Amino acid sequence: MTIVFAYPGNEHLSQKICDKKGYEHGQVVWRNFPDNESYVRVKSDVKNKNVIVLCSLNNPNEKIIPLIFFSRILKEHSAKNCILISPYLAYMRQDNVFNEGEGVTAKYFADILSNYFDQLITIDPHAHRLHLSDIYKIPTVVIHSVEAIADYLKNEKEECVLIGPDSESQQWVKPISEKIDIPFIVVSKKRISDEDVQLNLPDISQYEGRKAIIIDDIISSGATICQLSELLCEKKINKIEVIVIHPIFSPTVEEKVYKAGVNKIVSCNTVQHETNAMDISLLIAKAL
Ligand code: R5P
């Protein structure tokens, strides 16, 4: 028997997964005491059950303690195992020591999750220089959002060009382009600092007048998307849509991106957000 618990903010996705798989919904209380310490109470019977906890790890610091408490409670109540589904996985950036005195925090975070969960399932992690299996001690499953994005773009009526804003984004634009027959280009990018990048746009004159669909995994400071959008506008590409896999940006970033010329931002529902337009529940259900 499998039972699914949703961390607050993950209820929609959890509902869809339970509907698709016929799993039981778990009852759990997640709250804070007035001084902000965490309180967790598992109210469903978990004995001998496969347990899934669905928790996207945007704002990870506030979620990690309740998740650890949850996992400890499950073990004390004889759950068979506990799978963490974290559609957005945190702390993947610092996968190396870039400056003296830093640590490989991606590994430290992986150690914490590996100590408390039996398996991890995630969607397109922000892993550019390593594989999850390099740092996680538990089995990991990586789901790719390509199918969900291609499905969304199948209904596109206008003439378009897909744009990957850096070499890493080739992993999305290339297979999507092959699936739905829309051409793609990949921009070269050099990161100058947390909030600054330098983009080099290849010749796109053949796509003048088309709609540009930029595909990226996250928008952090907005520097990448803003600069790209300004460069596209200079090349007379004035209709710009951004597809972001994980919508974890702050409201000020959205505003900045729209000001830079973007007309529309849509996202996958890896994190519940008003831009959600692509559903990844079927991909998770298949992986389960
Ligand atoms: C880069 O590796 C990522 O795919 C994103 O392009 C990047 O993190 C976006 O960051 P920012 O919004 O700060 O340019």
Side-chain angles (χ1 to χ4, degrees), residues 56-60 86-99 102 104-107 109 122-132 134-135 142-146 148-149 161-177 184-202 204 212-234 240-268 270-271 273 275 278 280:
S56 225
L57 282 165
N58 50 316
N59 301 322
S86 182
Y88 174 71
L89 182 61
Y91 285 114
M92 291 305 299
R93 280 192 186 87
Q94 194 75 25
D95 56 4
N96 213 332
V97 171
F98 301 103
N99 297 291
E102 293 174 350
V104 183
T105 53
K107 179 165 177 3
F109 192 69
T122 188
I123 320 283
D124 285 320
H126 193 78
H128 294 332
R129 288 162 290 260
L130 48 73
H131 295 288
L132 291 189
D134 298 334
I135 53 173
V142 171
I143 298 171
H144 299 286
S145 56
V146 162
I149 299 176
V161 54
L162 304 180
I163 306 198
D166 48 31
S167 55
E168 287 91 17
S169 57
Q170 175 138 341
Q171 64 182 298
W172 302 295
V173 285
K174 189 167 183 285
I176 293 170
S177 155
F184 76 94
I185 60 160
V186 173
V187 177
S188 73
K189 174 167 109 181
K190 190 173 161 205
R191 182 158 290 278
I192 314 291
S193 69
D194 280 359
E195 307 224 352
D196 193 16
V197 293
Q198 197 180 326
L199 301 183
N200 204 342
L201 193 62
I204 51 162
I213 300 178
I214 303 171
I215 305 180
D216 207 350
D217 56 349
I218 58 170
I219 302 179
S220 178
S221 67
T224 304
I225 299 297
C226 289
Q227 195 176 124
L228 180 52
S229 165
E230 281 156 11
L231 289 173
L232 290 171
C233 291
E234 279 169 22
I240 304 170
E241 179 168 338
V242 176
I243 294 181
V244 59
I245 298 169
H246 305 292
I248 53 163
F249 34 81
S250 67
T252 54
V253 166
E254 276 182 87
E255 211 181 297
K256 221 164 100 178
V257 167
Y258 283 122
K259 262 196 194 142
V262 169
N263 308 103
K264 190 175 176 188
I265 308 173
V266 292
S267 64
C268 296
T270 60
V271 174
H273 191 264
T275 55
M278 287 154 282
I280 43 107

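What you see is a predicted model, and the numbers here were worked out from it, not measured in a lab. Indexing begins at 1, ligand by ligand and atom by atom, following the structure's order.
- Nearest protein heavy-atom contact of atom 14 (O) of ligand 1 is T224 OG1, 2.5 Å.
- Side chain of S145 to backbone of D124: no donor-acceptor contact under 3.5 angstrom is found.
- A donor-acceptor contact shorter than 3.5 Å links the side chain of H246 to the backbone of I123.
- The protein heavy-atom contact nearest to atom 1 (C) of ligand 1 is D166 OD2, 3.5 Å.
- Checked by atom type and distance alone, the side chain of K256 pairs as donor or acceptor with a backbone atom of S221 at under 3.5 Å.
- Ring-plane geometry between F109 and Y91 is classed as tilted, the angle between the planes lying from 30 to 60 degrees on a 0 to 90 degree scale.
- Between H126 and ligand 1 there is a heavy-atom distance shorter than 4.0 Å.
- Of the protein's non-hydrogen atoms, the one nearest atom 2 (O) of ligand 1 is H128 NE2, 2.9 Å.
- Without hydrogens or angle criteria, T122 side chain to S86 main chain gives a donor-acceptor distance under 3.5 Å.
- Of the possible polar contacts, none joining the T270 side chain to the P87 backbone as a donor-acceptor pair under 3.5 Å is found.
- For Q171 (side chain) and E168 (main-chain N/O), a donor-acceptor pair under 3.5 Å exists by modelled atom type.
- Looking at atom 6 (O) of ligand 1, its nearest protein heavy atom turns out to be D216 OD2, 2.5 Å.
- For the pair D194 and ligand 1, a heavy-atom separation below 4.0 Å is found.
- With ligand atoms numbered from 1 in the order given, ligand 1 contributes 5 (C), 8 (O), 9 (C) to contacts under 4.0 Å with heavy atoms of I218.
- The distance from ligand 1 to the heavy atoms of G222 drops below 4.0 Å at these ligand atoms: 11 (P), 12 (O), 13 (O).
- A distance-only check finds a donor-acceptor pair linking the side chain of N263 to the backbone of I240 [under 3.5 Å].
- Residue, atom and distance of the protein heavy atom nearest to atom 4 (O) of ligand 1 are D217 OD1, 2.6 Å.
- Closest to atom 13 (O) of ligand 1, if we only count protein heavy atoms, is S221 OG, 2.6 Å.
- The closest approach between a heavy atom of P165 and any atom of ligand 1 is not below 4.0 Å.
- With I225 as the partner, the side chain to side chain contact (heavy atoms under 4.5 Å, CB included) test is satisfied by one option alone out of V197, I265, V257: V257.
- Listed by number with element, the atoms of ligand 1 under 4.0 Å from a non-hydrogen atom of K189 are 1 (C), 5 (C), 6 (O), 7 (C).
- At least one heavy atom of R191 lies less than 4.0 angstrom from ligand 1.
- On a distance-only criterion, I219 and ligand 1 share no N/O pair closer than 3.5 Å.
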